[in-house]
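Take a look at this one; I'll ask things after.
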Protein chains: 2
Amino acid sequence: MSPPHPPVEARVGYALKRAQAALRAAMDDALRPLGLTVAQYACLQLIGERPGVSGSELARGMFVSRQSLNVVLRGLQERELVHRPSTAPQARSLPAELTPAGRRLARRADALVADIEAQMIAVLSARQRSQLLAGLTACTEALSNDAAWKP
Amino acid sequence: MSPPHPPVEARVGYALKRAQAALRAAMDDALRPLGLTVAQYACLQLIGERPGVSGSELARGMFVSRQSLNVVLRGLQERELVHRPSTAPQARSLPAELTPAGRRLARRADALVADIEAQMIAVLSARQRSQLLAGLTACTEALSNDAAWKP
DNA sequence: CAGTCCATGTCAAAATATTGACATGAGTCC
DNA sequence: GGACTCATGTCAATATTTTGACATGGACTG
């Protein structure tokens with residue numbers, strides 16, 4: 001018999017999912033007091049890092065659809081944390097910016113998240129951390145469809 | 001200024017999310033021809049590995065709520081891939097089992113997923129693979145609330 | 001035994017996300 | 001310029017997931 005039968009516990013894919021779930025849960029708990037969801041935090045963070053991004057770019061950076069990102073953005077705009085012009089300046093894309101309040105909240109939220117990440121990798125040595133990062137990056141690239149190696 | 005400001009690209013948490021998203025997308029593509037979603041595949045796999053599991057146990061193993069797992073289970077039962085007694089044998093929990101058809105489909109699906117995982121970690125050495133697995137496990141445990149160190 | 005606690009399964013409602021479709025502006029190729 | 005393609009933003013409909021609440025059966029404790 002062919003042996004695709006290691007238990008899920010021993011599979012990298014399951015370990016990935018489990019770690020991601022644990023991280024998400026921890027972030028959720030930490031951000032709740034600020035009134036932020038993980039998606040909202042990620043949105044603020046990305047905008048803060050790259051002011052003027054379009055909604056589509058944000059969606060790709062957060063691995064969700066444009067439509068669902070738009071809902072998140074709308075909420076942040078209503079809370080005056082993010083500003084977006086109502087009309088497109090140069091093309092069809094609406095550049096998003098943090099308001100001063102958004103910048104402040106993003107800083108506070110990021111401090112909390114940074115703590116969680118630090119706790120998560122606390123038991124790893126510096127070398128192990130960079131290898132973990134490298135391994136995850138390699139996995140991502142291996143699955144990104146640059147497939148199609150040509151003859 | 002305090003420096004919680006490495007860009008997301010360099011953060012383990014983001015790398016985790018990204019790798020998980022890539023894996024999920026690849027699995028989705030691979031399983032679509034079989035008429036299975038990732039959640040359905042995971043469900044079949046877990047039941048196959050531990051026949052007689054309760055719905056709540058499955059939900060925990062899949063990192064979703066009991067309610068949302070129930071929706072998945074219902075679909076699998078209607079397709080005669082999973083069987084569950086309508087009344088609880090010993091306690092309140094309803095043990096889930098694979099039907100013969102479910103077992104066959106689970107095998108086929110698992111072969112596809114195993115291929116994807118193999119592709120994902122293809123560029124890593126055996127040592128790097130086990131270190132990646134160990135690193136992910138360590139991260140998970142570090143976030144699992146055994147917190148509460150006592151005085 | 002009564003009382004308490006905990007896990008399970010389920011219902012209903014709400015939040016969240018995706019798919020599909022469409023209009024618009026920009027770039028490209030002829 | 002005209003036709004094409006492509007990316008963006010948005011609307012509507014659908015699917016998926018979570019939250020909150022409740023009843024039930026078992027275990028544990030007094």
Side-chain angles (χ1 to χ4, degrees), chain A residues 17 20-22 24-29 31-33 35-44 46-47 50 52-79 82-97, chain B residues 17 20-22 24-29 31-32 35-44 46-47 50 52-79 82-97 145:
Chain A
K17 171 87 178 177
Q20 223 275 310
R24 182 178 192 84
M27 285 173 67
D28 232 327
D29 290 346
L31 292 172
R32 188 167 308 116
L36 288 179
T37 66
V38 174
Q40 289 172 328
Y41 157 75
C43 203
L44 289 178
L46 284 176
I47 298 174
R50 196 129 48 93
V53 283
S54 71
S56 288
E57 286 172 316
L58 280 173
R60 281 192 292 270
M62 292 172 55
F63 313 102
V64 296
S65 62
R66 283 169 295 173
Q67 293 87 334
S68 99
L69 176 111
N70 242 315
V71 177
V72 178
L73 256 191
R74 223 177 286 271
L76 294 174
Q77 288 178 254
E78 282 173 9
R79 285 169 63 181
V82 169
H83 174 74
R84 232 154 60 122
S86 48
T87 167
Q90 42 246 21
R92 193 140 172 60
S93 83
L94 305 177
E97 310 267 359
Chain B
K17 170 87 178 178
Q20 223 276 311
R24 182 180 194 84
M27 288 174 65
D28 231 328
D29 289 346
L31 293 172
R32 187 168 306 115
L36 287 178
T37 65
V38 175
Q40 289 172 329
Y41 156 75
C43 202
L44 289 178
L46 284 176
I47 298 175
R50 194 128 48 91
V53 283
S54 70
S56 287
E57 286 173 315
L58 280 173
R60 281 192 292 270
M62 292 173 54
F63 313 102
V64 297
S65 64
R66 283 169 294 175
Q67 293 88 333
S68 102
L69 175 110
N70 244 313
V71 177
V72 178
L73 256 191
R74 223 178 286 271
L76 294 174
Q77 289 179 254
E78 281 174 9
R79 284 169 65 180
V82 169
H83 174 73
R84 236 157 53 126
S86 50
T87 166
Q90 41 246 19
R92 193 139 172 61
S93 83
L94 304 177
E97 310 266 0
N145 293 7

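Everything numeric in this text was worked out from a predicted model, so none of it was measured. The figures here come from the full heavy-atom set of this structure, side chains too, leaving out hydrogens, waters and symmetry mates. Every chain is numbered from 1 and lettered A, B, ... according to where its sequence line falls, protein lines coming before strand lines.
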Should T37(A) and L31(A) count as side-chain neighbours, where that means a heavy-atom distance under 4.5 Å?
->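 No, side chains not in contact.
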
Matching residue for Q40(B) among L73(B), V72(B), V82(B) - test: side chain to side chain contact (heavy atoms under 4.5 Å, CB included) |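 By the side chain to side chain contact (heavy atoms under 4.5 Å, CB included) criterion, Q40(B) pairs with just one of L73(B), V72(B), V82(B): V72(B).
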
Side-chain N or O of R84(A) less than 4.0 angstrom from OP1 or OP2 on dT10(D)?
-> yes

Just the atom pairs and distances: protein N or O near nucleotides 20-25 of chain D's N or O, under 3.5 Å.
residue : atom : partner : partner atom : Å
dG20(D) : O6   : Q67(B)  : NE2          : 2.6
dT24(D) : O2   : R92(B)  : NE           : 2.6

Please work out if S65(A) contacts a base, only the sugar-phosphate, or nothing of the nucleic acid, heavy-atom cut-off 4.0 Å.
-> base

S54(B) or V71(A): which one's nearest nucleotide on DNA chain C is closer to the 5' end?
->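 In this pair, the answer is S54(B).
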
Has R50(B) got more than 12 heavy atoms of other residues, nucleotides or ligands less than 6.0 Å from its CZ?
-> no

Contact check, side chains of S93(A) and S56(A), non-hydrogen atoms, under 4.5 Å |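 No, side chains not in contact.
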
Using side chain to side chain contact (heavy atoms under 4.5 Å, CB included) as the criterion, list what pairs up with R74(B), not counting sequence neighbours.
->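 Counting only residues at least two positions away or on another chain, R74(B) forms a side chain to side chain contact (heavy atoms under 4.5 Å, CB included) with N70(B).
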
For M62(A) and dT16(C), give me the distance from atom CE to atom P, rounded to whole Å.
->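 Going from CE in M62(A) over to P in dT16(C) covers 12 Å.
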
Once you round it to whole Å, what is the distance between P of dC6(C) and CD of E57(B)?
-> 19 Å

Between G55(A) and R32(A), the residue closer to the 5' end of DNA chain D by nearest nucleotide is G55(A)

Verify the contact: side-chain N or O of S56(A) to OP1 or OP2 of dG9(D), cut-off strictly under 4.0 Å; return yes or no.
->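 Checking S56(A) against dG9(D): at least one side-chain N or O falls below 4.0 Å of OP1 or OP2.
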
Rounded off to whole Å, could you give me the CG-to-C1' distance for the D29(B) and dT19(C) pair?
-> 15 Å

Atom pair distance, as rounded to whole Å: CG in L73(A) and P in dC11(D) = 14 Å

Side chains of I47(A) and L58(A) in contact at under 4.5 Å (non-hydrogen atoms) =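 Side chain of I47(A) against side chain of L58(A), heavy atoms only: contact under 4.5 Å found.
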
side-chain N/O R24(A) vs dT18(D) OP1/OP2, d < 4.0 Å |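 No, no such contact exists.
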
Round to a whole Å and report the spacing from CG of L94(A) to P of dA7(D).
->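 It works out to 18 Å between those atoms.
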
Within-4.5 Å side-chain heavy-atom neighbours: M62(B) and K17(A) =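 Of all side-chain heavy-atom pairs linking K17(A) with M62(B), none is under 4.5 Å.
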
Can you tell me if the side-chain N/O atoms of N70(A) get under 4.0 Å from OP1 or OP2 in dG9(D)?
->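 For dG9(D), OP1/OP2 do not have a side-chain N/O of N70(A) under 4.0 Å.
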
Does the side chain of S68(A) get closer than 4.0 angstrom to OP1 or OP2 of dT18(C) through an N or O atom?
->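 Yes.
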
